[in-house]
Asks: 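A single structure is presented below for examination.
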Amino acid sequence: MEKLRVHSGHKLFGSLKACSSKNALLPILAGSVLSEGEVTLYSVPNFIDIQKMIEILKSLGAKVTKFGDIIFIDSKNIDRFFVSHELGKDIRGSIVFLGALISRFKKACVSYPGGCNIGSRPIDLHLKGLKALGVKIVEEHGYLYCDGKDMKPTTFTFEKQSVGATQNLILASVMLNGKTTLKNCAKEPEVVDLANFLNRMGAKVCGAGTSQITIYGVEKLKSVNYQVIGDRIVAGTYLTAAAITGGDVEICNISPKYLFSVLKKLAYCGCNVVTKNDKIRLTATNRCKALQSITTGVFPKFPTDMQSAFLSLMAVSNGRCKIYERLFDGRFKQVPDLVKMGAKIDVNCNFASVFGVEKLSGADVSATDLRAGAGLVLAGLNADGYTTIDNVHYIDRGYDHIERDLSILGAEIERIE
Ligand code: EPZ
């Protein structure tokens, strides 16, 4: 099994382009089945989750070809509306094929999704929304059998904001004759990017990015060439790495407004943050000041996906920080390994109390999920000696060779067998 080996002692310097957003691409790949023509996506990174979504598209009968980082998807001849457990079980993104296939075929049979092991990952909000649209759903043998022949537009209010459920309902109603109104929607940039993609194909999705989204169904959706937004979590991860090492790093291809809550906290830690158009430059001091507290929330609050990186930053900052993880109940799994590296962290349910130390010590550790694994890499940038991180496949789900990116910025990191 591949590992990453990191050595500390290097401040990160230089400039890096943020790759395209994984969490924007996943629903857009599912939505490509709605085009009556060809969908071309530019600058598609080689994440494992993207590869798995492409395998699902091919299993449905779509023709998918790649030319470098450009992907061509031709769904004209898809004739299957079934997503197998084998293909759907490893990623959370497979669940949004429900909405897309129901729109295309008025039926779907999709396995329960997988996703990072960050706590319970219910899908009740997805199913309540689809049922409100008149979809009949039978849950049997680990599959969701959906019949959408009696679907009707409606007004539906989510009990709580959910990125995936909002995306699923948009996909399910975009070709449903009439007006569907969704309330208490997720406002994440990845929801907005899906709406922009669908509207470029001829859909009428209004209000994405606000809590109320109105979808006016259209009869068909045409071909489109599209470039998704930059990955705000990848960008935030590398800016946090610069903060941990006391470096000076600029990330481009990322809109600062997608990371405002993160940039504000990095500034409070004593970093100098300068933004211009789609560029963010962070210049760090030698050692960051600890934040008094970090509470994760839905956009535009502090993103849960940045919590692991900040846990490593707080572990080496000056002072004490209380971290409250409000979205997932299993997002502190990397704490035992951080403690093994010398961090002073106490976890009680969804709270972590961190007392920063100046230097961690390198150790052999294991990634438990995508962002926790990236957090351990960041801790290794500070730790004395070598840190090896195994289960690298978790990190590869959302970073396209993290070692290559960090090496460009001057880190001593390599992938070893
Ligand atoms: C998306 O997951 C992202 N994944 C996650 O990123 C991200 O952490 C999450 O949004 C929150 O921003 C993708 O986009 C593929 P939610 P999603 O539905 O859609 C609860 C990463 O590292 N909930 O917005 O599954 C849920 O338990 C991944 O890139 C229900 O209760 O998240 C959570 O507490 C990890 N019922 C809250 O809502 C449901 O039916 C928000 O979850 C659905 C969700």
Side-chain angles (χ1 to χ4, degrees), residues 19-31 45 47-50 52-53 56 88 90-99 112-132 137 139 144 156 158-171 182 184-194 211 228-229 231-237 258-259 261-262 295-309 324-331 333-334 350 367-375 394-400 402:
C19 61
S20 296
S21 164
K22 164 178 86 80
N23 292 347
L25 273 165
L26 298 179
I28 282 172
L29 285 163
F47 297 148
I48 289 179
D49 282 21
I50 304 284
K52 290 194 181 279
M53 288 293 271
I56 293 173
D90 293 332
I91 55 174
R92 180 74 180 177
S94 57
I95 188 72
V96 291
F97 271 105
L98 264 185
Y112 269 80
C116 280
N117 179 16
I118 54 177
S120 60
R121 304 297 297 270
I123 59 169
D124 59 309
L125 298 176
H126 297 248
L127 303 185
K128 281 175 190 159
L130 292 171
K131 287 174 182 168
I137 301 175
E139 300 177 57
L144 299 155
F156 174 76
F158 289 102
E159 289 159 36
K160 66 186 197 181
Q161 293 179 14
S162 158
V163 172
T166 302
Q167 293 166 335
N168 231 343
L169 268 288
I170 291 173
L171 288 164
L182 305 176
N184 196 23
C185 295
K187 304 174 200 163
E188 272 70 2
E190 296 76 23
V191 171
V192 178
D193 213 23
L194 172 64
S211 59
V228 302
I229 55 174
D231 193 308
R232 61 196 171 103
I233 306 302
V234 169
T237 304
Y258 297 157
L259 272 174
S261 59
V262 173
T295 301
T296 63
V298 295
F299 193 86
K301 290 184 181 142
F302 187 86
T304 174
D305 293 348
M306 281 301 303
Q307 184 262 97
S308 303
Y324 179 19
E325 170 54 59
R326 293 187 59 240
L327 270 77
F328 294 107
D329 47 14
R331 267 214 131 144
K333 288 198 171 68
Q334 74 277 29
N350 281 19
T368 51
D369 70 71
L370 160 55
R371 306 302 173 187
Y394 282 126
I395 302 173
D396 292 341
R397 294 188 53 177
Y399 297 86
D400 192 359
I402 193 170

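All heavy atoms count here, side chains included; hydrogens, waters and symmetry mates do not. Each ligand, and each atom within it, is numbered from 1 in the order the structure gives.
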Asks: Side chain, backbone, both or neither: which applies to Q167 and ligand 1 if a contact is any heavy-atom pair less than 4.0 Å apart?
Replies: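 The answer is neither.
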Asks: Number the atoms of ligand 1 from 1 as they appear, then name those within less than 4.0 Å of a heavy atom of I118, with their elements.
Replies: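 Contacts of ligand 1 toward I118, numbered from 1: 35 (C).
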Asks: Indicate yes or no: does an N/O atom of C116 lie under 3.5 Å from an N/O atom of ligand 1?
Replies: no
Asks: Relative to the heavy atoms of R92, which atoms of ligand 1 are at a distance of less than 4.0 Å?
Replies: 25 (O), 43 (C)
Asks: For atom 24 (O) of ligand 1, what's the nearest protein heavy atom and its distance?
Replies: V163 N, 2.8 Å
Asks: Which of the numbered atoms in ligand 1 are under 4.0 angstrom from any heavy atom belonging to I123?
Replies: 39 (C), 40 (O)
Asks: Pull out every atom of ligand 1 sitting under 4.0 Å from any heavy atom of K22, numbered as shown with elements.
Replies: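 Result: 21 (C), 29 (O).
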Asks: Indicate yes or no: does an N/O atom of F328 lie under 3.5 Å from an N/O atom of ligand 1?
Replies: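 No - when backbone and side-chain N and O of F328 are compared with those of ligand 1, no distance drops under 3.5 Å.
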Asks: Can you tell me which portion of R331 lies within the under-4.0 Å heavy-atom range of ligand 1? Options are side chain, backbone, both, or neither.
Replies: side chain
Asks: Show me which atoms of ligand 1 lie under 4.0 Å from any heavy atom of D305.
Replies: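 Listed by number with element: 5 (C), 6 (O), 7 (C), 8 (O), 21 (C), 22 (O), 28 (C), 29 (O), 35 (C).
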Asks: Using non-hydrogen atoms of the residue, decide whether K128 is closer than 4.0 angstrom to ligand 1.
Replies: no
Asks: Decide whether an N or O pair under 3.5 Å exists between D124 and ligand 1.
Replies: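 Yes; the residue has a nitrogen or oxygen that sits under 3.5 Å from a nitrogen or oxygen of the ligand.
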Asks: Step by step, would you call R397 with K22 a side-chain contact (heavy atoms from CB on, under 4.5 Å)?
Replies: CA-CA 9 Å; R397 294 188 53 177; K22 164 178 86 80; 5.5 Å; no
Asks: Might you confirm whether atom NZ of K301 has over 12 heavy atoms from other residues, nucleotides or ligands at distances under 6.0 Å?
Replies: no
Asks: Looking only at distances, can you tell me whether any N or O atom of L327, backbone or side chain, sits closer than 3.5 Å to an N or O atom of ligand 1?
Replies: yes
Asks: Looking only at protein heavy atoms, which one is nearest to atom 18 (O) of ligand 1, and what is the separation?
Replies: S162 OG, 2.7 Å
Asks: Please identify which atoms of ligand 1 are closer than 4.0 Å to at least one heavy atom of T304.
Replies: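 In order of numbering, the contacting atoms are 8 (O), 11 (C).
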Asks: Does I95 offer a backbone N or O that forms a donor-acceptor pair with the side chain of N168 under 3.5 Å?
Replies: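 Side chain of N168 to backbone of I95: a pair is present.
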Asks: Among E159, Q161, K160, find the residue that satisfies the side chain to side chain donor-acceptor pair (under 3.5 Å) test when tested with N184.
Replies: Q161
Asks: List the closest protein heavy-atom neighbour of atom 19 (O) of ligand 1: residue, atom name, distance to the nearest 0.1 Å.
Replies: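 Here the closest protein heavy atom is G164 N, 2.8 Å.
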Asks: Quick one: which of H126, E325, K160 has a heavy atom closest to atom 20 (C) of ligand 1?
Replies: K160
Asks: Going by the order shown, which atoms of ligand 1 are within less than 4.0 Å of some heavy atom of L26?
Replies: 15 (C)
Asks: Can you name the one residue among N350, D305, T368 that meets side chain to side chain donor-acceptor pair (under 3.5 Å) with R331?
Replies: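 Only one option passes, and that is D305.
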Asks: Does any N/O atom on L125 come nearer than 3.5 Å to any N/O atom on ligand 1?
Replies: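 Yes; at least one N/O pair falls below 3.5 Å.
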Asks: Students should be able to answer this: which protein heavy-atom is nearest to atom 39 (C) of ligand 1, and at what distance?
Replies: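 For this ligand atom, the closest protein heavy atom is P122 O, 3.1 Å.
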